[in-house]
Amino acid sequence: FSARSDGMKPGKLIRRIATFPPLVAVYVSLLLHAMQVSLPLVVTTTLAPVAKANAPLILVALGVLFEITAQPRQAAALNAVLTLRYGIGLLVGAVLAATLP
């Protein structure tokens, strides 16, 4: 996701974004929620502290990995990717906020 990935095709970039581990965890949790699966108490008790720390840890990890060293020729691609990511995030958030109880 940095300037070192020169020449990365859009499909490969989208695949890397879609398989980003925190997003995979979101996919799994949405699937479990949609299937109305109840996890055992021991699992939810164990995962509760991890869930509380998840957002700050992801932000720190992204901050460490994110490098803004784009050349002028890369600026358009960077803007497109960021717009796509934030647009999809906003859309998914709006849909979930409107549909979940």
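Any value given below was found using the heavy atoms of this structure, including those in side chains, with hydrogens, waters and symmetry copies removed.
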**Message:** So does Val26 get a backbone contact from the side chain of Ser29, meaning a donor-acceptor N/O pair under 3.5 Å?
**Reply:**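 Pair found, side chain donor or acceptor close to backbone of Val26.
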
Hydrophobic cluster identity match, [X] and [Y], side-chain contacts under 4.5 Å:
X     : Y     : result
Val50 : Val42 : no
Met35 : Leu32 : yes
Val37 : Val28 : yes
Val92 : Leu84 : yes

Does [X] have any side chain to side chain contact (heavy atoms under 4.5 Å, CB included) partners at least two apart in sequence or in another chain, and if so, which?
X     : result
Leu23 : Ile17, Phe20, Tyr27
Val43 : Leu39, Pro40, Leu47
Leu41 : Thr44, Thr45

**Prompt:** Nearest 0.5 Å, what's the NE2-CG distance between His33 and Leu96?
**Reply:**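 His33 atom NE2 to Leu96 atom CG measures 8.5 Å (nearest 0.5 Å).
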
**Prompt:** Does the side chain of Val81 reach to within under 4.5 Å of the side chain of Ile14, using non-hydrogen atoms?
**Reply:**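 A side-chain contact is absent here, since even the closest heavy-atom pair is not under 4.5 Å.
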
